[in-house]
Amino acid sequence: MVRQREFDTDQALEAAMQIFWDKGFEATSLSDLTTAMGIQRPSLYAAFGDKKELFETALRRYTTLHAAQVRSRLQHTSSVKEAFRALFEHIGAEEDVTDARHGCFCINTMVELAPHDPKFAVLTREHQMYLAAIFKETIERGQETGELSNDLDSSALSKSLVVSMIGLTVMMKSEPDRSFVQQSIKVTLSLLEE
């Protein structure tokens, strides 16, 4: 007879995601994980595999949630320009500075693991491309309604906006000068005006 798990897998995975997000892969110990997740090592291994497998599962959870959050923010308003403005201003907001120090879990992984681990290079690249696809859909929605010019290259613009978003997210980890951030956002959004 198979023993039932005595913990909530989703809650445990959420706790693992948060600790990895806060500390990174290398700095997170198994003790950090078991304490945060409220489980013992055998349960961790049985449910999630080794530390790297758990990290991958946590990263996949994060990218799914992050992409859904970005999509939701962009669909929240009928104006595409306003939707992108709200998204970028949210990323650059002072009140989010505590979360900003964490940055983006995927970007942190891109910096920490992707240069040395092909699997994580692929996973982080897939997330970037998925965000670009969401941005492209949004731009094309603006073109269909006439809000954005049909002369805009939706594919190239979507990729440029992803690069800008990644740069802004990284920059926010260091509590940059507000005028620097606001001017950068303004110039980024001006790409939608061409």
Side-chain angles (χ1 to χ4, degrees), residues 17-18 20-22 24 58-115 118 120-194:
M17 184 182 80
Q18 292 297 328
F20 278 133
W21 189 357
D22 185 39
L59 178 63
R60 288 182 186 277
R61 176 186 180 93
Y62 174 85
T63 56
T64 299
L65 294 171
H66 183 248
Q69 183 182 58
V70 168
R71 183 182 294 280
S72 175
R73 284 189 177 278
L74 290 175
Q75 292 175 342
H76 185 69
T77 178
S78 59
S79 166
V80 167
K81 290 178 186 177
E82 176 59 26
F84 276 113
R85 185 196 62 72
L87 175 66
F88 276 83
E89 287 188 354
H90 172 75
I91 294 167
E94 280 182 320
E95 60 268 17
D96 290 339
V97 91
T98 302
D99 289 340
R101 288 189 192 127
H102 286 285
C104 166
F105 184 22
C106 187
I107 295 171
N108 295 347
T109 303
M110 196 185 325
V111 173
E112 182 185 15
L113 295 179
F120 290 104
V122 169
L123 288 174
T124 55
R125 191 175 315 116
E126 283 175 352
H127 186 55
Q128 294 162 38
M129 297 313 294
Y130 190 61
L131 291 175
I134 293 169
F135 283 10
K136 185 174 186 281
E137 288 172 14
T138 307
I139 292 163
E140 288 174 350
R141 178 167 49 94
Q143 290 175 317
E144 287 167 11
T145 64
E147 183 183 3
L148 299 181
S149 168
N150 285 322
D151 292 337
L152 290 171
D153 181 336
S154 61
S155 181
L157 178 55
S158 66
K159 291 171 186 163
S160 294
L161 291 173
V162 169
V163 170
S164 296
M165 183 176 80
I166 290 170
L168 178 60
T169 303
V170 172
M171 177 173 269
M172 291 308 296
K173 292 179 72 151
S174 66
E175 298 182 50
D177 178 77
R178 298 305 306 156
S179 64
F180 192 109
V181 170
Q182 291 305 317
Q183 289 173 2
S184 298
I185 291 172
K186 184 178 178 183
V187 171
T188 297
L189 296 176
S190 72
L191 295 172
L192 297 166
E193 303 292 343
E194 294 178 6

Distance-only, no hydrogens or angles: does the Ser72 side chain make a donor-acceptor pair with backbone N or O of Ala68 under 3.5 Å? no

Who are the side chain to side chain contact (heavy atoms under 4.5 Å, CB included) partners of Ser149, not counting sequence neighbours? Asp151, Leu152

By ring-ring contact (aromatic ring centres under 6.0 Å, His included), which residues pair with His76, not counting sequence neighbours? none

Show me, pair by pair, the donor-acceptor contacts under 3.5 angstrom made by side chains of residues 129-137, not counting sequence neighbours?
residue, atom, partner, partner atom, Å
Tyr130, OH, Arg71, NH2, 3.3
Lys136, NZ, Glu140, OE2, 2.7
Glu137, OE1, Arg71, NH1, 2.7

The test is side chain to side chain contact (heavy atoms under 4.5 Å, CB included); show your working for Val162 and Lys159 and say whether it passes. CA-CA 5 Å; Val162 169; Lys159 291 171 186 163; 5.6 Å; no

Taking salt bridge (Lys or Arg N to Asp or Glu O under 4.0 Å) as the test, write out the residues that go with Arg60, two or more places apart. Glu56

Give me the atom names and distance for the closest heavy-atom approach of Ser160 to Leu191. CB-CD1, 4.4 Å

When rounded to the nearest 0.5 Å, the distance separating SG of Cys106 from CD1 of Ile166 is 7.5 Å

Decide side chain to side chain contact (heavy atoms under 4.5 Å, CB included) for His127 and Met110; before the verdict, give the C-alpha distance in whole Å, the side-chain angles of both, and the deciding distance to 0.1 Å. CA-CA 10 Å; His127 186 55; Met110 196 185 325; over 6 Å; no

Less than 4.0 Å between a side-chain N and a carboxylate O, is that true for Lys81 and Glu193? yes

Please list, chain by chain and in numerical order, all residues satisfying salt bridge (Lys or Arg N to Asp or Glu O under 4.0 Å) with Glu144, sequence neighbours excluded. none

Heavy atoms, side chains only, cut-off 4.5 Å: are Thr63 and Leu123 in contact? no

Side chain to side chain contact (heavy atoms under 4.5 Å, CB included) between Arg141 and Thr138, intermediate numbers included: CA-CA 5 Å; Arg141 178 167 49 94; Thr138 307; 3.6 Å; yes

Distance in Å, Leu168 CG paired with Glu89 CD, rounded so as to fall on 0.5 Å steps: 10.5 Å

Smallest heavy-atom separation, Ser79 atom then Glu147 atom, equals OG-OE2, 2.8 Å

Spell out, as yes or no, whether a donor-acceptor pair under 3.5 Å connects the side chain of Arg178 to the backbone of Gly92. yes

Between CD1 of Ile91 and CE of Met165, what distance do you get to the nearest 0.5 Å? 5.0 Å

Could you go step by step and tell me if Leu161 and Ile139 meet the side chain to side chain contact (heavy atoms under 4.5 Å, CB included) rule? CA-CA 11 Å; Leu161 291 173; Ile139 292 163; 4.1 Å; yes

When rounded to the nearest 0.5 angstrom, what distance separates CG in Leu59 from OG1 in Thr124? 7.5 Å

Quiz: residues 179-189 side-chain donor-acceptor pairs under 3.5 angstrom, not counting sequence neighbours:
residue, atom, partner, partner atom, Å
Ser179, OG, Asp177, OD2, 2.3
Ser184, OG, Phe180, O, 2.8
Thr188, OG1, Ser184, O, 2.9

Does the plane of the ring in Phe84 sit parallel, tilted or perpendicular to the ring in Phe88? Use 30° and 60° as the thresholds. tilted

Write down the atom of Trp21, the atom of Phe105, and the distance for their closest heavy-atom approach. NE1-N, 3.4 Å

Distance, nearest 0.5 Å, that separates OG1 of Thr77 from CZ of Arg85: 9.0 Å

To the nearest 0.5 Å, atom CD of Gln128 lies from atom CD1 of Ile107 at 8.0 Å

